Amino acid sequence: MEVVNTIGRRKTSVARLYMQAGNGDVKVNGRDIKEYFPSDVLQIIVKQPLNLVEQAGNFDLKINVDGGGSTGQAEAIRLAISRALCEVDAEHRPALKKEGFLTRDPRMVERKKYGKRKARRAFQFSKR
């Protein structure tokens, strides 16, 4: 199997994934996943698609992720892995789609407007 290359995005995070046949080695920005995401919850989020289609130990993943916070990065990686699994075997698609792992979450931070303190929050108002 050749290297499968996909991209996942979430908020301002962008994850570039290189997946190839292997023994389940996951590197994020050159570091082990346990080192990069110390939180068990984020590690679970990243590995959800692999566990769902029971391919957890079959692929080596090299991931470059940039921007955003840790949760956004984890969810961007999850989308990239899901897309790569669909490229490898189209039969994975219905299961991944049912769980919502193939959906790009479109929610972004709303821009700040003039005359406001934040996007919607007005400045404090006092009658006197």
Side-chain angles (χ1 to χ4, degrees):
M1 180 189 133
E2 74 286 345
V3 177
V4 176
N5 179 16
T6 57
I7 290 180
R9 292 187 182 91
R10 170 77 171 92
K11 289 189 173 180
T12 57
S13 300
V14 180
R16 293 170 188 85
L17 172 86
Y18 304 92
M19 185 168 88
Q20 59 189 5
N23 56 1
D25 188 37
V26 181
K27 295 278 187 204
V28 182
N29 289 352
R31 291 154 57 191
D32 189 63
I33 188 169
K34 288 181 175 65
E35 187 187 330
Y36 193 83
F37 292 121
S39 163
D40 289 340
V41 175
L42 296 178
Q43 290 175 36
I44 290 167
I45 286 172
V46 168
K47 292 179 179 176
Q48 274 177 325
L50 292 167
N51 294 333
L52 181 70
V53 296
E54 294 162 9
Q55 298 288 323
N58 299 352
F59 297 106
D60 284 345
L61 307 176
K62 182 177 170 283
I63 304 156
N64 294 324
V65 67
D66 180 52
S70 55
T71 304
Q73 288 187 349
E75 292 182 11
I77 292 168
R78 180 174 71 183
L79 176 60
I81 292 170
S82 301
R83 286 177 172 172
L85 287 169
C86 287
E87 271 188 42
V88 170
D89 187 359
E91 290 177 17
H92 296 321
R93 189 171 173 80
L96 291 167
K97 194 159 177 65
K98 184 170 181 279
E99 289 296 318
F101 295 159
L102 293 173
T103 307
R104 159 60 161 107
D105 193 337
R107 294 177 293 176
M108 300 288 280
V109 176
E110 193 173 335
R111 78 172 202 87
K112 185 198 172 298
K113 278 63 161 208
Y114 55 85
K116 300 272 186 171
R117 202 170 86 184
K118 291 168 57 179
R120 297 185 180 204
R121 169 80 163 92
F123 292 110
Q124 184 171 335
F125 174 76
S126 175
K127 215 167 197 179
R128 288 180 211 167

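Because the structure is a prediction, the values reported are computed rather than measured. One-based numbering along the sequence shown.
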I'd like to check the salt bridge (Lys or Arg N to Asp or Glu O under 4.0 Å) partners of R31; sequence neighbours left out, ordered by chain and number.
E35
Min side-chain heavy-atom separation E75-I45 under 4.5 Å
yes
If you compare all heavy atoms of S13 against all heavy atoms of G68, which two are closest, and at what distance to 0.1 Å?
OG-CA, 3.5 Å
Side-chain heavy atoms under 4.5 angstrom apart, residues restricted to Ile, Leu, Val, Met, Phe, Trp, Tyr: same cluster for I77 and V4?
yes
Donor-acceptor check, side chain of Q43 to backbone of F37, threshold 3.5 angstrom: yes or no?
yes
Give the cluster check for L85 versus V46: same hydrophobic cluster or not, with ILVMFWY residues linked at side-chain heavy-atom distances below 4.5 Å.
yes
Inter-residue atom distance L17.CG - I7.CD1, 0.5 Å rounding
10.0 Å
Single-linkage hydrophobic cluster Y18~V14, side-chain heavy atoms < 4.5 angstrom:
no
May I ask whether F101 and M19 are part of the same hydrophobic cluster, defined by side-chain heavy atoms of I, L, V, M, F, W, Y residues being less than 4.5 angstrom apart, directly or through others?
yes
State which residues pass side-chain contact (heavy atoms from CB on, under 4.5 Å) with T103; sequence neighbours excluded, sorted by chain then number.
none
Name each donor-acceptor pair under 3.5 Å that joins a side chain in residues 47-67 to protein atoms two or more places apart or in another chain, with its distance.
unit_1: Q48; atom_1: OE1; unit_2: R78; atom_2: NH1; d: 2.6
unit_1: N51; atom_1: ND2; unit_2: K47; atom_2: O; d: 3.4
unit_1: Q55; atom_1: OE1; unit_2: N58; atom_2: ND2; d: 2.8
unit_1: D60; atom_1: OD1; unit_2: N23; atom_2: N; d: 3.1
unit_1: D60; atom_1: OD1; unit_2: G24; atom_2: N; d: 3.3
unit_1: D60; atom_1: OD1; unit_2: D25; atom_2: N; d: 3.0

Kindly give the heavy-atom pair with the smallest separation between A15 and A80, and that separation in Å.
O-CB, 4.2 Å
Side chain to side chain donor-acceptor pair (under 3.5 Å): pairs with one or both residues in residues 79-95, sequence neighbours excluded:
none
Could you name each residue pair satisfying salt bridge (Lys or Arg N to Asp or Glu O under 4.0 Å) that touches residues 105-122, not counting sequence neighbours?
R10-D105, D105-R107, E110-K113, E110-R120
Shared hydrophobic cluster for I33 and V41 (ILVMFWY, side-chain gaps under 4.5 Å):
yes
A74 and L42 have their tightest heavy-atom pair at CB-CD2, 4.0 Å
